[in-house]
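Below you will find the structure I want to go over with you.
FYI, side chains are in, hydrogens and waters are out, and symmetry mates aren't considered; it's all heavy atoms of this structure.
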Amino acid sequence: MNSELEFINKCKEKVLSGQKISKEEAAILINVSDESIEHLSRDANEITRKFNGDLVDVETLVNAKKGNCPEDCSFCSQSAFYKSGIDTYKLLPPEIIIDNARKAKEDNVKSFCLVCAWRGPSEKDFDQICDIIQKVNDNVGIQVNCSLGFITEEMAVRLKNLGVKRYNHNLESSRSFFQSICSTHTYQDRVNTAQTVKKNGLELCCGGIIGMGESRMQRLEMGLDLSKLSPEECPINILVPQKGTPLEFQKKLSLGEILRVVAVYRFLMPKTILKIAGGREIHLANDQEKVLLGGANGIITGGYLTIDGNTPKDDLKMVSQIGLET
Ligand code: SF4
């Protein structure tokens, strides 16, 4: 076995024995030669199976309030700064959200995430959201998660008391790249909200987007910061360039780059649900199993906030075909 493969094995053994790999070791892992990526993925898969079993976390989203967001995130077609041409709407009525939750439950999907495009909820919007969550609890009975932007401690407590399990708030990118993609809020604003979520007893779902022009080392930088936050779930989105946004013509990442990130994030966060999220169908096409056998153990099904995705039926079939469970 060559020295590179021996190094990957050594790091794997370290993680399997409950130790953390260092920043320097993670940097060597993410930079292995192309020939060693398969081995890196295999070892990441071994770590996944040891700490998480064969279960794949499957979730659906509902975009409860779409577009016209006052923030200028350059990857996002929901920002009011760009002419992306998407249809926009205010907070959906409770009946529509309840129907979506019921459908997710009928499709055997385990959790349902309510997402709103705004900087953070106003008091009035937040009251309405709480009312909707209560109605979903009373009428459907599915695990409800939320992604509502910046929230206060009081809001986090209220969501927790309503039985919300997990709150999503992504770092989006690394600290050193963040200013290139957003000027209306800071990276630290995002870290602060992630910490508020944890501090108030909600599970944290926190990840980001790769393929926005950041370097490989900046992808690692984000992974290192994410691992410090100890999220229960980490979504990895792969940029799907959106018409009218500054990243419309961004070059695609190669499969190898995607596999490196997924594998190394698994070495850094052995017990986290590593969810391969937006961009999975478009970028991975016939290689979707490679990420689920290379460190990831979660997917979002049935489409995303502004783009379509696979149907739950097709995704559940794909998961069972590779010998994993949902
Ligand atoms: S990513 Fe979120 S905060 Fe940024 S523009 Fe889109 S909806 Fe708004």
Run through Asp315, Leu316, Asp314 and flag the one making a side chain to side chain contact (heavy atoms under 4.5 Å, CB included) with Met318.
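Result: among Asp315, Leu316, Asp314, Asp315 is the only option passing the side chain to side chain contact (heavy atoms under 4.5 Å, CB included) with Met318.
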Do Ser183 and Asp72 have a side chain donor and acceptor closer than 3.5 Å?
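Checked: Ser183/Asp72 side chains pair up, N/O donor to acceptor below 3.5 Å.
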For the pair Ile273 and Asn52, evaluate side chain to side chain contact (heavy atoms under 4.5 Å, CB included) and give the outcome as yes or no after the intermediate values.
CA-CA 8 Å; Ile273 296 168; Asn52 306 278; 5.6 Å; no
Would you say Glu232's side chain and Leu204's backbone share a donor-acceptor pair under 3.5 angstrom?
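Yes, because the side chain of Glu232 sits within donor-acceptor range (under 3.5 Å) of the backbone of Leu204.
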Taking the side chain from Lys275 and the backbone from Ala296, do they hold a donor-acceptor pair closer than 3.5 Å?
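No, because the side chain of Lys275 does not come within donor-acceptor range (under 3.5 Å) of the backbone of Ala296.
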Output all residues satisfying side-chain contact (heavy atoms from CB on, under 4.5 Å) with Lys105, sequence neighbours left out; order by chain, then residue number.
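side-chain contact (heavy atoms from CB on, under 4.5 Å) list for Lys105, sorted by chain: Val140, Ile142.
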Salt-bridged, Arg158 to Glu153, with N to O below 4.0 Å?
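Looking at Glu153 together with Arg158, the answer is no, because their closest N to O distance does not fall below 4.0 Å.
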What are the two closest heavy atoms between Ala117 and Lys65, and how far apart are they?
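Nearest pair, atom of Ala117 first, then Lys65: O-NZ, 2.7 Å.
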Any salt bridge between Arg260 and Asp34, counting N to O under 4.0 Å?
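Salt bridge present between Arg260 and Asp34.
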Give a yes or no on whether a salt bridge exists between Lys124 and Asp127, defined as a side-chain N under 4.0 angstrom from a carboxylate O.
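So Lys124 does not pair with Asp127 through a salt bridge.
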Determine whether more than 12 heavy atoms belonging to other residues, nucleotides or ligands lie under 6.0 Å from atom CD of Gln179.
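At most 12 heavy atoms, drawn from other residues, nucleotides or ligands, come within 6.0 Å of this atom.
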Under a 4.0 Å threshold between the charged nitrogen and the carboxylate oxygen, would Lys135 count as salt-bridged to Asp138?
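Lys135 and Asp138: not salt-bridged.
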Taking all heavy atoms of Thr60 and all of Ala104, pick out the closest pair and write down the distance.
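Of all heavy-atom pairs spanning Thr60 and Ala104, the closest is OG1-CB, 3.5 Å.
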Taking all non-hydrogen atoms of both residues into account, name the closest pair between Ser41 and Leu259 and its distance.
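Where Ser41 meets Leu259 most closely, the heavy atoms are OG-CB, 4.1 Å.
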Between Glu214 and Ser173, do the side chains contain an N or O donor and an N or O acceptor separated by less than 3.5 Å?
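Short answer, no.
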When you measure from the side chain of Asn31 to the backbone of Ala27, do you find a donor-acceptor pair of N or O atoms at a distance under 3.5 Å?
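Between the backbone of Ala27 and the side chain of Asn31 there is a qualifying donor-acceptor contact (under 3.5 Å).
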Is it true that Glu203 and Lys198 have a side-chain N and a carboxylate O under 4.0 angstrom from each other?
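Not counted as a salt bridge, because no side-chain N and carboxylate O are separated by less than 4.0 Å.
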Could you list the residues that satisfy side-chain contact (heavy atoms from CB on, under 4.5 Å) with Asn170, not counting sequence neighbours?
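Per chain and number, Asn170 pairs via side-chain contact (heavy atoms from CB on, under 4.5 Å) with Asn168, Glu172, Pro235, Asn237.
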Without swapping roles, check the side chain of Gln218 against the backbone of Ser215 for a donor-acceptor pair under 3.5 Å.
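Looks like yes, one N/O pair under 3.5 Å.
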Measure from the side-chain N and O atoms of Glu233 to the backbone N and O of Pro231, and report whether any donor-acceptor pair falls under 3.5 Å.
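Answer holds: no.
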Taking all non-hydrogen atoms of both residues, which atom of Gly223 and which atom of Met269 are closest, and how far apart?
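Between these two residues, the closest heavy atoms are O-CE, 4.3 Å.
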Decide, yes or no, whether a salt bridge links Asp287 with Arg280 under the criterion of side-chain N to carboxylate O below 4.0 Å.
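So Asp287 does not pair with Arg280 through a salt bridge.
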What is the distance from atom CG of Asn9 to atom CZ of Arg42, rounded to the nearest 0.5 Å?
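With rounding to 0.5 Å, CG (Asn9) is 9.5 Å from CZ (Arg42).
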Is there a continuous path of hydrophobic side-chain contacts, each under 4.5 Å between heavy atoms, that joins Val191 to Val197?
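Cluster IDs for Val191 and Val197 match.
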Will you find, in the side chains of Thr186 and Asp189, an N or O donor that is under 3.5 Å from an N or O acceptor?
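Thr186 vs Asp189: donor-acceptor pair found between side chains.
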Ignoring hydrogens and geometry, is there a side-chain-to-backbone donor-acceptor pair from Ser180 to Phe177 under 3.5 Å?
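At least one qualifying donor-acceptor pair exists.
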Co-members of Phe150 in a cluster of I, L, V, M, F, W and Y side chains, linked at under 4.5 Å
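Besides Phe150, the cluster holds no residue at all.
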Is a salt bridge present between Asp107 and Lys313, judged by a nitrogen-to-oxygen distance below 4.0 Å?
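Salt bridge between Asp107 and Lys313, a charged N being under 4.0 Å from a carboxylate O: no.
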Quick one: does any side-chain atom of Tyr265 pair with a main-chain N or O of Cys234 as donor and acceptor, under 3.5 Å?
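No, because the side chain of Tyr265 does not come within donor-acceptor range (under 3.5 Å) of the backbone of Cys234.
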Minimum heavy-atom separation for Asn63 to Tyr89, with atom names?
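Closest heavy-atom pair between Asn63 and Tyr89: O-OH, 2.5 Å.
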Derivation and outcome, side chain to side chain contact (heavy atoms under 4.5 Å, CB included), residues Val32 and Phe7:
CA-CA 10 Å; Val32 292; Phe7 179 80; 5.8 Å; no
Can you pull the ring-ring contact (aromatic ring centres under 6.0 Å, His included) pairs that have at least one residue in residues 29-61, sequence neighbours excluded?
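Checked against ring-ring contact (aromatic ring centres under 6.0 Å, His included) - neighbours excluded - no pair reaches residues 29-61.
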When you compare the side chains of Glu4 and Ser33, does any donor N or O come within less than 3.5 Å of an acceptor on the partner?
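Glu4 vs Ser33: donor-acceptor pair found between side chains.
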I'd like to check the side chain to side chain donor-acceptor pair (under 3.5 Å) partners of Thr88; sequence neighbours left out, ordered by chain and number.
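Here no residue qualifies.
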Apart from Tyr82 itself, what residues make up its hydrophobic cluster when side-chain heavy atoms of I, L, V, M, F, W and Y under 4.5 Å apart count as a link, directly or indirectly?
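Members other than Tyr82 - counting any ILVMFWY side chain reachable under 4.5 Å - are Phe81.
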One pair to check against side-chain hydrogen bond (donor to acceptor under 3.5 Å, both in side chains): Arg266 and Asn297. What are the steps and the verdict?
CA-CA 10 Å; Arg266 174 54 72 205; Asn297 64 333; 2.9 Å; yes
N-O pairing of Arg119 and Glu71 below 4.0 Å:
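Looking at Arg119 and Glu71, the cut-off is met.
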Identify whether the distance between the nearest side-chain nitrogen and carboxylate oxygen of Glu6 and Lys10 falls below 4.0 Å.
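Salt bridge between Glu6 and Lys10, a charged N being under 4.0 Å from a carboxylate O: no.
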Give a yes or no answer on whether the side chain of Trp118 reaches the backbone of Leu148 with a donor-acceptor pair at less than 3.5 Å.
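Flag set: sc Trp118 to bb Leu148 pair under 3.5 Å.
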Does the side chain of Glu59 reach to within under 4.5 Å of the side chain of Phe112, using non-hydrogen atoms?
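Glu59 does not reach Phe112 side chain to side chain.
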Decide whether Asp225 and Tyr187 meet the rule of one side-chain donor and one side-chain acceptor closer than 3.5 Å.
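Yes.
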If you take all heavy atoms of Ala277 and Ile300, which pair is closest and at what distance?
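For Ala277 and Ile300, the tightest heavy-atom pair comes out as CB-CD1, 3.7 Å.
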Please examine the side chains of Leu268 and Ile21, heavy atoms only from C-beta on, and report whether any two atoms are closer than 4.5 Å.
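A side-chain contact under 4.5 Å exists here.
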Over 12 non-hydrogen atoms of neighbours within 6.0 angstrom of CD in Glu123
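No, the 6.0 Å shell around CD holds no more than 12 heavy atoms from other groups.
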Can you tell me if Asn145 uses its side chain to pair, donor with acceptor, with the backbone of Arg166 under 3.5 Å?
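Yes, the answer is positive, given that a donor and an acceptor are paired below the 3.5 Å cut-off.
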Worked verdict on Ile210 versus Arg219 for side chain to side chain contact (heavy atoms under 4.5 Å, CB included):
CA-CA 7 Å; Ile210 58 172; Arg219 278 170 226 137; 3.8 Å; yes
Give a yes-or-no answer on whether the side chains of Gln78 and Asn68 include a donor-acceptor pair shorter than 3.5 Å.
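No, Asn68 and Gln78 have no side-chain donor paired with an acceptor closer than 3.5 Å.
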For the CD1 atom of Ile97 and the CG atom of Asn139, what is their distance to the nearest 0.5 Å?
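CG of Asn139 is found 12.5 Å from CD1 of Ile97.
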Run the numbers on Glu325 and Ser320 for side-chain hydrogen bond (donor to acceptor under 3.5 Å, both in side chains), then give the verdict.
CA-CA 6 Å; Glu325 297 160 14; Ser320 95; over 6 Å; no
Any sub-3.5 Å donor-acceptor pair from Ser84's side-chain atoms to Gly244's backbone N or O?
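Not a single qualifying donor-acceptor pair exists.
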Test of understanding: clusters of I, L, V, M, F, W, Y form through side-chain heavy atoms closer than 4.5 Å, transitively. Do Val157 and Ile129 belong to the same one?
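No, it is not one cluster - the side chains of Val157 and Ile129 are not joined through contacts under 4.5 Å.
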SG of Cys182 to CE of Met212: how many Å apart, nearest 0.5 Å?
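Those atoms lie 10.0 Å apart.
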Under a 3.5 Å threshold, yes or no: a donor from one side chain and an acceptor from the other, between Asn192 and Gln188?
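Side-chain D/A pair, Asn192 to Gln188: present.
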Could you check whether Lys14 pairs with Glu25 (Lys NZ or Arg NE/NH1/NH2 to Asp/Glu carboxylate O, under 4.0 Å)?
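Salt bridge: yes.
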Applying side chain to side chain contact (heavy atoms under 4.5 Å, CB included) to Leu55 and Leu324, what does each step give before you reach the verdict?
CA-CA 6 Å; Leu55 210 61; Leu324 299 176; over 6 Å; no
